[in-house]
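The structure appears right after this line, and notes come after that.
Computed from a prediction, not measured in an experiment: that's the story for all the values here.
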Amino acid sequence: MIDRNDPKMKNSGYFEKVYEIVRLVPAGRVTTYGRIAAMTGYPARSQVVGWALHCNPYQGDVPCHRIVDRNGRLSESYVFGGVGVQRDLLEKEGICFNEEGRIDLDKYQWK
DNA sequence: CTTTTGACTGAGT
DNA sequence: AACTCAGCCAAAA
């Protein structure tokens, strides 16, 4: 639930939409930045989606660890304790990584 | 105010 | 497969 009185709530609408979609991703599923961007109606804004999650004022509510890049690879610039932490969280949700440390998108990507 | 940076992607080399 | 370039746009410097 988004509290519009929260001082951190300075988004300009678009961020809000991104958070709303990410929050809908169920446990055991992942999605990509581009996919989220497409769902907001602007497929070309994948970079902005990444920026939105970088700010991620709803880190407690938004499962940002379920977002991966288009290759099913975790973002190296993830700043939540490192990719190791993100990977651990995903494995606890039942998501398996292959030897390259990537996720099988055909199997886990949320649609 | 202008310029750079960045949790990205897709096409081209 | 690895690298470059272009496009997208909000925040930070």
Side-chain angles (χ1 to χ4, degrees):
Chain A
M1 176 53 191
I2 296 176
D3 179 4
R4 294 176 185 287
N5 292 323
D6 189 319
K8 290 181 293 187
M9 188 65 186
K10 60 178 180 176
N11 353 322
S12 320
Y14 188 75
F15 279 30
E16 196 178 311
K17 198 153 191 169
V18 172
Y19 301 133
E20 188 177 338
I21 292 170
V22 174
R23 204 170 34 222
L24 296 177
V25 180
R29 297 280 181 222
V30 298
T31 191
T32 66
Y33 300 94
R35 193 76 51 163
I36 293 170
M39 291 175 78
T40 63
Y42 299 89
R45 299 187 184 181
S46 54
Q47 183 67 70
V48 180
V49 173
W51 191 256
L53 293 179
H54 173 85
C55 297
N56 191 14
Y58 312 105
Q59 190 154 351
D61 295 326
V62 179
C64 50
H65 58 278
R66 298 188 189 129
I67 312 304
V68 299
D69 65 25
R70 71 179 161 124
N71 299 309
R73 189 84 170 104
L74 301 181
S75 299
E76 296 179 10
S77 303
Y78 191 75
V79 195
F80 186 70
V83 291
V85 174
Q86 184 178 6
R87 175 170 173 162
D88 187 55
L89 288 171
L90 291 173
E91 290 180 329
K92 285 179 179 175
E93 296 184 351
I95 294 173
C96 299
F97 289 72
N98 62 23
E99 291 184 5
E100 295 181 343
R102 299 199 301 176
I103 293 171
D104 185 345
L105 291 178
D106 289 332
K107 199 171 183 180
Y108 298 112
Q109 186 170 66
W110 179 54
K111 337 174 191 168

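- Across the protein-nucleic acid pair, E76(A) atom CD and dG6(B) atom C1' stand 14 Å apart, rounded to whole Å.
- Among residues at least two apart or in separate chains, there is no side chain to side chain donor-acceptor pair (under 3.5 Å) pair with a member in residues 45-54 of chain A.
- Every residue two or more places apart in sequence or in another chain was checked for a side chain to side chain donor-acceptor pair (under 3.5 Å) with E99(A), and none qualifies.
- In this structure, V62(A) and V18(A) have side chains that are not in contact, with every pair of non-hydrogen atoms separated by 4.5 Å or more.
- Residues forming a side chain to side chain donor-acceptor pair (under 3.5 Å) with S75(A) (at least two apart in sequence, or on another chain): Y33(A).
- Atom CZ of F15(A) is separated from atom C1' of dG6(B) by 11 Å (rounded to the nearest Å).
- When rounded to the nearest whole Å, the span between CZ of R45(A) and P of dC9(C) equals 5 Å.
- Spacing between atom OH of Y19(A) and atom C1' of dA7(B) amounts to 11 Å, rounded to whole angstrom units.
- Residues of residues 89-111 of chain A having a heavy atom closer than 4.0 Å to DNA chain B: none are found.
- Partners of E93(A) according to the side-chain contact (heavy atoms from CB on, under 4.5 Å) rule, which considers only residues two or more places apart in sequence or in another chain, are A27(A), H65(A), R66(A), L90(A).
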Sugar-phosphate or base contact per nucleotide [nucleotides 8-13 of chain B; S, B, -; heavy atom under 4.0 Å]: BSB---

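- Using a 4.5 Å heavy-atom cutoff, the side chains of T32(A) and D69(A) are not in contact.
- When the shell of 6.0 Å around OH of Y42(A) is examined, it contains 12 or fewer heavy atoms from other residues, nucleotides or ligands.
- Remark: C1' of dA10(C) and CD of E16(A) are 15 Å apart, rounded to the nearest angstrom.
- The interatomic distance linking K17(A) (NZ) with dC9(C) (C1') rounds to 16 Å, in whole Å.
- Side-chain atoms of Y19(A) come within 3.5 Å of backbone N or O of A52(A) as a donor-acceptor pair.
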Verify side-chain contact (heavy atoms from CB on, under 4.5 Å) between F97(A) and L74(A), making sure each step is shown before the conclusion. CA-CA 10 Å; F97(A) 289 72; L74(A) 301 181; 3.9 Å; yes

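- In this structure, the nucleotide among dA11(C), dC8(C), dA7(B) sitting nearest to the side chain of L53(A) is dA7(B).
- We find that CH2 of W51(A) is positioned 16 Å from P of dC9(C), with the value rounded to whole Å.
- The P atoms of dC8(C) and dC1(B) are separated by 22 Å, rounded to the nearest whole Å.
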